[in-house]
Amino acid sequence: MINPNDPEQNPDAFSEEVAPVQAPPFRTDQMTPPSTERRLSKEESESRQKNTERGAATGEPQRRDRRMSTGSDRSFEQSPKSWERKGSNDGGPGYGSSTPGRSRLRPRGDETPERGAAVPKFGDWDETNPSSADGYTHIFNKVREEKQSGAGKVPMISTDPPFYNGHRQDNRQQLLLLRQLGEELKIVFVPLWKDIHRGFGGLETLLKLSPDRLDRILSAVRSPVHPPTALRFFSFGSDRCGFRFTLRSYLFLVDSLLSSGAIDAAQLLLVRLVDGRIPIVGRPPRSEIVRSLGAAAGGTVDLLVRVCCTHFEADGPWLALEAFRASAAAPSWETCGLLMGALVKTGGHLLAVEVFERMRERGVSADARGYGAGVDALGKCGKIEEAMRVFSEMERSGVRASVVAFNGLLDGLCKNGRLDEALGLKEKMIGDGTEPSVVTYGILINGLIKSGRFVEAYQMFEEMSERGISPNEVVYNMLIDGRCKNGSFEEAVKIMDEMGSKGLKPNRVTYNTLLMGFCREKRMEEAECLLEEMLSKGVMINVWALNSVMVWLCSKLRLDSAVRLFHKAMLRDVRLSDAVLTSLVGRLCRGGRHLDATGIWSKMLDKGFSVNTMTANALINGLCKSGNMDEAVRVLKDMIRRGVTLDVITYNTLISGCCRDGKVEQGFRLRDDMVKKGLKPDIFTYNSLIKGLCGLGKIEEAVGLWNECKTAGFMPDIFMYGTIIDGFCKAKRFGEARRCFEELVSQGLKPNEVVYNTLIGGYSDDGNTDEAIRLRDEMRSKGVQRTIVTYSSIAHGLCSVGQVHEARIFLDEMREDGLEMNVVCYTILIDGYCKLGQMETAKNLFQEMRDRGIAPNTITYTVMINGYCKAGDLNLAVELLEEMKERNIVPDAVTFNALTAGFCKAGKMEEAFKIGEQMYQRGVAMDEVTYTTLVDGMSCSGPSKEANSVS
């Protein structure tokens with residue numbers, strides 16, 4: 001007859017997966033067995049010695065010490081103190097019982113050391129006395145030792161070494177742990193030996209059990225198990241031995257705890273199972289764990305639903321619903337009410353209705369709480385007719401409606417606009433003896449306010465107070481919202497003050513309701529004050545209201561306040577809209593506050609907020625227009641480094657700024673960079689570069705780029721034609737300018753005033769005033785608007801050839817086109833008369849322009865001063881310089897050079913040098929003309945030594 005527990009006779013029983021805990025071969029020279037264990041027989045000692053020598057001779061590697069860790073945060077053994085079992089001497093449950101008189105097992109006569117020790121049958125000990133099996137721990141250790149050394153001829157599977165408290169354990173400590181593990185198994189299963197024996201033929205320790213085999217053993221258990229001991233066993237195996245149990249095994253433990261009334265321990269175990277802090281074989285997802293637990297019989301689903309709803313805020317209601325759906329058993333209506341309420345709070349109204357209907361399908365009669373939760377869910381999801389039907393059914397069944405049921409039905413009626421029915425239901429509620437709550441009145445007040453029935457809403461508020469029901473913050477906020485909607489802001493502020501007097505602190509809803517009311521009614525000054533108060537108190541701000549205030553501040557150019565609010569919002573991680581940021585940055589740039597604009601952009605990125613490309617373009621455009629090209633390029637590089645999305649507009653803005661600043665080469669480098677980034681240059685890109693080349697007089701390169709633009713498939717627009725025509729005119733290549741003009745007409749483009757004025761200006765500067773006047777007449781015949789630039793350009797050409805009188809007559813014709821002379825026109829005429837030496841006429845024009853309210857500028861004063869200096873009237877020239885100072889008109893180097901030349905020409909070198917000192921005092925740098933004038937003056941006056949020192 002085969003002994004099923006003998007590894008020699010039944011090796012298949014020991015060939016499955018080896019449990020995680022393994023110990024090194026037993027060595028007698030490293031430990032002294034406890035007094036409670038029997039001494040080894042001579043045969044056993046010799047066998048052990050032979051096994052040891054055999055391992056050394058064959059060169060088999062010594063197995064590493066295993067380590068075990070304890071104190072894991074995944075431990076679920078936190079049962080009440082009443083469960084703490086003390087050691088006993090009566091054979092009762094306990095760790096490592098020291099009861100005397102243990103069974104001294106002897107080797108069987110048919111066994112030899114070479115064949116190994118056999119695991120005894122369960123029948124060899126007294127099933128009613130667990131302590132009688134204490135000695136068998138050593139047998140299991142010996143079997144395991146022989147398997148490791150090869151005596152049992154059973155292949156071993158190497159596992160990772162266990163650790164205990166992070167320190168390597170010697171063989172003695174490991175054997176003590178293994179012995180304790182054996183005691184744990186024995187204590188749990190001693191009352192069940194017969195049942196287990198019938199199913200599997202013997203006890204198997206964790207050392208030889210796979211998780212699945214242990215699972216099958218537990219599933220065969222039919223006798224009651226001591227829950228505290230089972231809990232300790234699971235904790236020991238999981239935390240100290242690293243054994244991973246299956247989810248089915250943990251279901252066995254949960255059921256054992258619940259059957260014994262250990263609700264707290266079962267709840268804690270469920271929490272840790274669901275949140276994943278207990279390792280489970282296969283590492284199933286949370287949803288699978290919940291479904292498996294929910295499908296378990298008994299009261300598991302009831303407790304599980306409560307655990308999910310109360311311990312897991314984020315997805316707890318959905319997990320609880322999974323458990324409810326998987327369960328064949330119906331939880332209590334109290335538990336279902338909790339689940340339905342949690343689903344309603346998270347917006348799962350229809351799912352709450354599903355729970356209610358499934359409970360009814362299972363034939364469970366609803367109580368007051370169940371009906372209340374069902375009506376509430378139906379009302380909130382808009383199924384008002386179904387809610388009323390269930391409400392009527394509740395009344396017919398003799399169940400008294402709770403305030404929750406009434407409130408759910410009232411909420412549904414109000415949301416459907418059936419306010420009169422809601423008011424009638426409130427009266428029925430009072431008549432039935434159900435006292436309305438603050439929620440009841442809040443629902444009614446909110447419904448009345450949203451329907452515009454403000455008077456009835458305030459009457460309902462008064463009724464609420466008369467019944468002794470204290471309003472909460474929600475009710476006060478509804479009233480404030482109502483006052484704001486009908487424009488009674490003073491009353492709204494009074495209500496907020498009343499909240500404080502009643503001991504209620506206005507919350508963020510209160511403040512934002514009032515703030516949004518101010519913004520909707522365009523009462524922006526009050527909105528700004530309230531916003532400042534909210535920021536100072538740390539109240540969360542409604543972003544829409546903040547954006548509204550910021551837009552208003554920007555429109556009023558109150559940029560200091562806007563920047564201050566921006567930084568306060570950033571401190572609270574509140575992000576303004578892209579449109580508001582773009583407007584703020586743009587207005588700051590236009591106001592010359594580029595540092596503030598750059599600071600806002602940097603602050604946004606430093607806080608981790610994305611920056612809209614339009615906002616970035618507004619910043620770069622502002623920097624370029626202000627001539628701050630170096631900063632614009634720096635910002636561009638920073639944008640690229642931070643990964644800000646750039647577009648063609650970004651690059652075109654920078655290219656235009658570089659070309660306007662004369663840095664055409666840098667503009668071309670930017671164009672190459674945009675091409676590398678996959679951005680295709682457009683017509684604006686070419687226009688900016690062509691304009692830059694024309695400005696530098698590089699007309700040939702401009703023409704080459706013009707042809708490249710056409711080759712790239714772009715049809716030049718009117719602006720590009722105007723640019724190339726201007727370049728030809730400045731290069732005095734009027735024939736090509738005229739051909740371009742005719743080409744644009746042939747392309748179906750209509751020349752505008754800019755193109756005409758460009759040609760007129762070119763011909764006028766060249767002295768060809770007849771062609772310029774002909775073009776002016778052509779503009780009139782073709783209906784093109786003449787501008788002051790048109791007339792002033794021709795007048796300047798006439799004055800350049802000495803036809804000042806004709807220029808004045810020509811400028812008088814502007815009035816026919818509805819144009820009036822400006823400072824440019826007067827300055828052109830004054831300059832013409834000064835060049836003719838007609839200073840009196842020039843002086844009269846100078847006075848005429850001031851009489852007409854046209855203020856002379858620096859150029860006008862400079863023209864007059866130069867005229868007086870050339871006429872030798874230096875005193876009048878000096879008087880005009882002082883007048884400029886009085887009128888806060890800043891003279892430039894040309895102004896000072898005109899005076900310096902006048903004094904040098906008159907031989908008054910001392911006065912000339914004083915003018916140079918004034919230039920220094922006013923921060924005007926002396927240029928080459930200044931030095932040349934002084935040197936020439938010194939040379940003409942005789943003292944060449946001084947002249948050489950100046951030069």
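Since the structure is predicted, the reported quantities are computational estimates derived from the model, not experimental observations.
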For Tyr721 and Gln747, run side chain to side chain donor-acceptor pair (under 3.5 Å): C-alpha distance rounded to whole Å, both residues' side-chain angles, the deciding distance at 0.1 Å, then the answer. CA-CA 11 Å; Tyr721 273 108; Gln747 293 292 336; 4.7 Å; no
Taking it one step at a time, do Asn757 and Thr787 satisfy side chain to side chain donor-acceptor pair (under 3.5 Å)? CA-CA 8 Å; Asn757 288 340; Thr787 65; 3.1 Å; yes
Could you go through the side-chain contact (heavy atoms from CB on, under 4.5 Å) check for Lys870 and Lys835 one step at a time? CA-CA 9 Å; Lys870 287 183 177 181; Lys835 288 179 179 178; 5.7 Å; no
Quick one: do Glu848 and Tyr826 satisfy side-chain contact (heavy atoms from CB on, under 4.5 Å)? Show the steps, please. CA-CA 9 Å; Glu848 179 186 321; Tyr826 273 109; 2.8 Å; yes
Report the C-alpha separation of Thr685 and Asn652 in whole Å, then their side-chain angles, then the decisive distance to 0.1 Å, and conclude whether the side chain to side chain donor-acceptor pair (under 3.5 Å) test is met. CA-CA 6 Å; Thr685 314; Asn652 282 343; 2.5 Å; yes
Check the pair Tyr868 / Glu879 against side chain to side chain donor-acceptor pair (under 3.5 Å), numbers first and verdict last. CA-CA 11 Å; Tyr868 280 124; Glu879 288 179 7; over 6 Å; no
Go through Asp765 and Lys732 one step at a time and tell me if the side-chain contact (heavy atoms from CB on, under 4.5 Å) criterion holds. CA-CA 9 Å; Asp765 290 341; Lys732 306 299 182 182; 4.3 Å; yes
side-chain contact (heavy atoms from CB on, under 4.5 Å) between Arg808 and Val804, intermediate numbers included: CA-CA 6 Å; Arg808 187 169 187 177; Val804 183; 5.8 Å; no
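For residues 585-602, the set of pairs meeting the side-chain hydrogen bond (donor to acceptor under 3.5 Å, both in side chains) definition, not counting sequence neighbours, comprises Asp560-Arg593, Arg593-Asp596, His594-Ser626. Counting only residues at least two apart or on different chains, the side-chain hydrogen bond (donor to acceptor under 3.5 Å, both in side chains) pairs with a member in residues 693-715 are Arg671-Glu708, Tyr686-Glu708, Glu700-Arg733, Lys710-Glu743.
Taking a 6.0 Å sphere around CD of Glu928, one finds it holds 12 or fewer heavy atoms contributed by other residues, nucleotides or ligands. Taking a 6.0 Å sphere around NZ of Lys663, one finds it holds more than 12 heavy atoms contributed by other residues, nucleotides or ligands. Within a 6.0 Å radius of CD1 in Ile859, no more than 12 heavy atoms belonging to other residues, nucleotides or ligands are found. Counting non-hydrogen atoms of other residues, nucleotides and ligands closer than 6.0 Å to CE of Met524 gives a total above 12. Under a cut-off of 6.0 angstrom, the local environment of NZ in Lys568 is crowded, with over 12 non-hydrogen atoms contributed by other residues, nucleotides or ligands.
For the ring pair (Phe, Tyr, Trp, His ring centres under 6.0 Å) test, no residue two or more places apart in sequence or in another chain qualifies with Phe566. The ring pair (Phe, Tyr, Trp, His ring centres under 6.0 Å) check on Tyr763 picks up Phe734, with sequence neighbours excluded. For Gln847, the side chain to side chain contact (heavy atoms under 4.5 Å, CB included) partners at least two apart in sequence or on another chain are Arg850, Asp851. Residues passing the ring pair (Phe, Tyr, Trp, His ring centres under 6.0 Å) test with Phe684, sequence neighbours excluded: none. Evaluation of the side chain to side chain contact (heavy atoms under 4.5 Å, CB included) rule for Asn617 yields Thr613, Asp647, Ile649, Thr650 as partners, not counting sequence neighbours. Take Glu917 and apply the salt bridge (charged side-chain N to carboxylate O under 4.0 Å, His left out) test, not counting sequence neighbours, and it matches no residue. In this view, Arg786 and Arg776, Met779, Arg780, Thr790, Tyr791, Asp817 satisfy the side chain to side chain contact (heavy atoms under 4.5 Å, CB included) rule, not counting sequence neighbours. Among residues two or more places apart in sequence or in another chain, the side chain to side chain contact (heavy atoms under 4.5 Å, CB included) test is passed with Leu595 by none. For Phe728, the ring pair (Phe, Tyr, Trp, His ring centres under 6.0 Å) criterion is met by no residue, not counting sequence neighbours.
Ionic pairing of Asp673 and Lys677 is present here: one or more N-O contacts between side-chain nitrogen and carboxylate oxygen are shorter than 4.0 angstrom. One finds no salt bridge joining Lys885 and Glu882 here, because no Lys/Arg side-chain nitrogen approaches an Asp/Glu carboxylate oxygen to under 4.0 Å. Comment: Lys730 engages Asp726 in a salt bridge, judged by a side-chain N to carboxylate O separation of less than 4.0 angstrom. Between Arg774 and Asp777 there is no salt bridge, since none of the side-chain N atoms of the basic residue sits less than 4.0 Å from a carboxylate O of the acidic one. Checked for salt-bridge contact, Lys914 and Glu911 miss the test: no charged N lies under 4.0 Å from a carboxylate O. A salt bridge is defined here as a Lys NZ or Arg NE, NH1 or NH2 lying under 4.0 Å from an Asp or Glu carboxylate O, and Glu665 with Arg669 fails to meet this definition.
Distance OG/Ser656 to CE/Met629: 8.5 Å, rounded to 0.5 Å. Atoms SG and CD1, on Cys709 and Ile690 in that order, are 6.0 Å from each other to the nearest 0.5 Å. Taken from OG in Ser577 to CG in Asn547, the straight-line distance is 3.5 Å, to the nearest 0.5 Å. In this structure, Cys694 SG and Ile699 CD1 are separated by 4.0 Å, a value rounded to the nearest 0.5 Å. Within the model, atoms CG of Leu749 and CZ of Phe719 stand 10.5 Å from one another, a figure rounded to the nearest 0.5 Å. One finds the CD1 atom of Ile809 at 10.0 Å from the CG atom of Leu798 (value rounded to the nearest 0.5 Å).
Here the side chains of Met604 and Thr615 are not in contact, with every heavy-atom distance at 4.5 Å or above. Using a 4.5 Å heavy-atom cutoff, the side chains of Met926 and Tyr931 are in contact. With a 4.5 Å cut-off on side-chain heavy atoms, Ser561 and Arg564 count as touching. Within the 4.5 Å cutoff, the side chain of Gln803 has no heavy atoms near those of the Phe810 side chain. Residues Ile865 and Met884 meet the side-chain proximity criterion, which asks for heavy atoms closer than 4.5 Å. Side-chain contact check for Leu759 versus Cys729: some heavy-atom pair is nearer than 4.5 Å.
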Let me have the donor-acceptor pairs involving side chains of residues 889-903, under 3.5 Å, with sequence neighbours excluded, atom names and distances please.
residue : atom : partner : partner atom : Å
Asp892  : OD1  : Val894  : N            : 3.2
Asp892  : OD1  : Thr895  : N            : 3.0
Asp892  : OD1  : Thr895  : OG1          : 2.8
Thr895  : OG1  : Thr862  : OG1          : 2.5
Thr895  : OG1  : Asp892  : N            : 3.4
Asn897  : OD1  : Thr930  : OG1          : 2.4
Asn897  : ND2  : Ala893  : O            : 3.1
Asn897  : ND2  : Asp927  : OD1          : 3.2
Asn897  : ND2  : Asp927  : OD2          : 3.4
Thr900  : OG1  : Phe896  : O            : 2.8

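Side-chain N/O atoms of Ser764 and Thr769 include no donor and acceptor closer than 3.5 Å.
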